[in-house]
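First comes the structure, then the notes that go with it.
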Amino acid sequence: MDKKTTIAIMQGKVNRTTVIYTEDGPYIRQYMNRAVFGKSMSMIEENYRSLRAAYEKCVRLGITGGLLIPEWRFFKESGSYFRADGNGEYIREYPLIPAKESSYPGSPKEYGRALARLHRILDEVEGEMQDVIPHFHDIVYYEEEYHRVRKDETHRRGFVEDTDFERELEEVLESRRASVGNLFEKGNKIPRKVIHGDTKWTNFLMDEEGKVIAMLDLDTLSMGERITDLADALRSLCALHPAEERKTITREFMDGYIGEGFVTKEEISVDQLEIAQERLYLELALRYYTDHLSGNRYFPVIEDGQNLKRAKENLECACQMHL
């Protein structure tokens, strides 16, 4: 393709994203975070191939509900969906999908519908997805990593700890471990299926009429608990609203999810959903703070202390679950 203009459109928390205007039309270009995905590109590609096959099957069967999965460009020169640029960075590209520009989410019910459609597609994946990010959504591992980095000066990059925050974080973790035992269990009876793994509302692409038309950020596909996808979507939606509005948001979201006829109310435990949300808040508090101590290797920042701030925000949200 003849590259004409490249413009940065967003600074994601993991990958750097730009839009490229070419003679073939606009394309999204993403620069993969080498600290996160550098050793996992082949797994991401294999997972995408499995997803693409499942999606195309669902298109033929007419059961996508109109949901799009971006079609990544295949680079002939590399024989892959990724190629390395002159700086050794891995690049991925796909056609720009026209969508509504918004800094605020739309209807919770519509997000619920879209996630149900995605899960219907994921159920058609043959075999299992590979775990691109080891221990992803394993809060026990993240707590262990926090203690390891905190105690080992060699893992630090000159970032000072916040002892008050550490005390509060550890107190909350300990109190929740005592009152909700399965919050920290590595295994449970919830079946493992293919999940998206990062269902925050910004990964749902919406049109001008408020309908979700595509699902983005497909690097975290893995085997896991579907309730994690539900909880992560709700976590991101509820974080933008006062605590007193969150039950309404949850109800509307679940009405949309269940309304697609993919599952019934009896198959989803409200208690499990709330536990999963709290687990994600605590997981993110641990991850952001550990990354702050490690020099912001995983989550890029645009100002000093940003990951510390993110950690505090997620811990506060976890605490608000019990107001």
Side-chain angles (χ1 to χ4, degrees), residues 6-20 28-38 85 87-92 100-105 133 136-137 139 142-143 145-173 197-205 216-217 219-220 232-233 235-243 277 280-320:
T6 301
I7 300 174
I9 57 171
M10 68 181 80
Q11 178 63 52
K13 288 194 173 85
V14 177
N15 298 323
R16 180 163 55 93
T17 303
T18 63
V19 61
I20 305 167
I28 292 294
R29 172 184 284 182
Q30 290 186 303
Y31 296 83
M32 308 300 290
N33 186 324
R34 284 186 289 181
V36 180
F37 301 119
D85 68 0
N87 298 317
E89 289 192 277
Y90 287 109
I91 290 173
R92 169 178 59 214
K100 180 181 180 180
E101 293 186 13
S102 176
S103 58
Y104 200 74
I133 304 175
F136 197 43
H137 292 313
I139 192 171
Y142 291 124
E143 187 179 14
E145 276 294 285
Y146 155 72
H147 286 296
R148 182 178 66 84
V149 171
R150 179 174 172 270
K151 293 176 181 178
D152 190 346
E153 292 290 341
T154 62
H155 287 90
R156 304 229 182 150
R157 298 291 182 88
F159 289 80
V160 179
E161 67 272 20
D162 185 320
T163 54
D164 289 339
F165 173 75
E166 289 179 0
R167 188 181 306 109
E168 182 181 4
L169 175 62
E170 292 173 17
E171 286 175 356
V172 172
L173 288 168
D198 187 13
T199 52
K200 58 181 177 287
W201 72 269
T202 51
N203 283 333
F204 294 76
L205 205 58
L216 306 179
D217 199 356
D219 305 319
T220 53
D232 200 19
R235 173 198 63 79
S236 69
L237 290 169
C238 290
L240 299 173
H241 295 80
Q277 279 183 262
L280 286 167
Y281 283 129
L282 292 174
E283 172 192 315
L284 285 168
L286 285 164
R287 291 176 65 194
Y288 280 131
Y289 186 66
T290 303
D291 201 41
H292 164 74
L293 294 179
S294 302
N296 308 308
R297 296 181 67 249
Y298 188 104
F299 299 108
V301 298
I302 57 176
E303 59 185 29
D304 290 342
Q306 189 170 9
N307 277 329
L308 173 59
K309 179 181 178 182
R310 291 165 173 167
K312 291 180 177 180
E313 290 171 348
N314 277 277
L315 181 59
E316 181 181 358
C317 287
C319 294
Q320 288 177 348

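All heavy atoms count here, side chains included; hydrogens, waters and symmetry mates do not.
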Salt bridge present between Arg310 and Asp291 (N-O < 4.0 angstrom):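 Salt bridge absent between Arg310 and Asp291.
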Pairing of Arg148 and Glu145 as salt bridge, 4.0 angstrom limit: yes
Beyond-backbone contact of [X] with [Y], side-chain heavy atoms, under 4.5 angstrom:
{"X": "Glu161", "Y": "Leu293", "value": "yes"}
{"X": "Pro105", "Y": "Leu240", "value": "yes"}
{"X": "Glu283", "Y": "Glu143", "value": "no"}
{"X": "Gln306", "Y": "Phe299", "value": "no"}

Looking at residues at least two apart in the chain, or sitting in another chain, which of them share a side-chain hydrogen bond (donor to acceptor under 3.5 Å, both in side chains) with [X]?
{"X": "Gln30", "answer": "Thr17, Arg92"}
{"X": "Asn314", "answer": "none"}
{"X": "Arg235", "answer": "Asp232"}
{"X": "Tyr289", "answer": "Glu166"}

Check: [Y] main-chain N/O paired with [X] side-chain donor or acceptor under 3.5 Å:
{"X": "Asp162", "Y": "Asp164", "result": "yes"}
{"X": "His292", "Y": "Gly305", "result": "no"}
{"X": "Thr199", "Y": "Ala233", "result": "yes"}

Atom [atom1] in [X], atom [atom2] in [Y]: separation rounded to 0.5 Å?
{"X": "Leu237", "Y": "Gln277", "atom1": "CG", "atom2": "CD", "value": "9.5 Å"}
{"X": "Leu280", "Y": "Cys317", "atom1": "CG", "atom2": "SG", "value": "11.5 Å"}
{"X": "His137", "Y": "Asp198", "atom1": "NE2", "atom2": "CG", "value": "7.0 Å"}
{"X": "Thr220", "Y": "Asn203", "atom1": "OG1", "atom2": "CG", "value": "7.5 Å"}
{"X": "Ile20", "Y": "Thr18", "atom1": "CD1", "atom2": "OG1", "value": "5.0 Å"}
{"X": "Leu315", "Y": "Leu173", "atom1": "CG", "atom2": "CG", "value": "8.0 Å"}

Which residues satisfy the salt bridge (Lys or Arg N to Asp or Glu O under 4.0 Å) test with Glu168, sequence neighbours excluded?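 Counting only residues at least two positions away or on another chain, Glu168 forms no salt bridge (Lys or Arg N to Asp or Glu O under 4.0 Å).
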Taken in chain and number order and not counting sequence neighbours, the residues that satisfy salt bridge (Lys or Arg N to Asp or Glu O under 4.0 Å) with Asp85 are none
Does NZ or CZ of Arg287 lie under 6.0 Å from the centre of the six-membered ring of Tyr298, at an angle within 45° of the ring axis?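 Yes - Arg287 lies over the ring of Tyr298, closer than 6.0 Å to its centre and within 45° of its axis.
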Check the surroundings of atom OH in Tyr90: do more than 12 heavy atoms from other residues, nucleotides or ligands lie under 6.0 Å from it?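 No, not enclosed.
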Under the ring pair (Phe, Tyr, Trp, His ring centres under 6.0 Å) rule, collect the residues that match up with His147, sequence neighbours excluded. none
Mind checking ring pair (Phe, Tyr, Trp, His ring centres under 6.0 Å) for Phe204 and listing every partner two or more places apart, or none if nothing turns up? Tyr111
For Tyr288 and Glu313, test the side chains for any donor-to-acceptor distance below 3.5 angstrom and give the result as yes or no. no
Could you go through Arg29 and Ile91, starting from their C-alpha distance and side-chain angles, then the distance that decides it, and tell me whether this counts as side-chain contact (heavy atoms from CB on, under 4.5 Å)? CA-CA 7 Å; Arg29 172 184 284 182; Ile91 290 173; 3.5 Å; yes
Would Thr202 and Ser236 satisfy side-chain contact (heavy atoms from CB on, under 4.5 Å), going step by step from the backbone distance to the final call? CA-CA 9 Å; Thr202 51; Ser236 69; over 6 Å; no
Can you list the residues that meet the side chain to side chain contact (heavy atoms under 4.5 Å, CB included) rule with Glu316, with sequence neighbours excluded?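 For Glu316, the residues satisfying side chain to side chain contact (heavy atoms under 4.5 Å, CB included) (neighbours in sequence not counted) are Gln320.
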Measure across Phe165 and Ala311 and return the closest heavy-atom pair with its distance rounded to 0.1 Å. CZ-CB, 3.7 Å
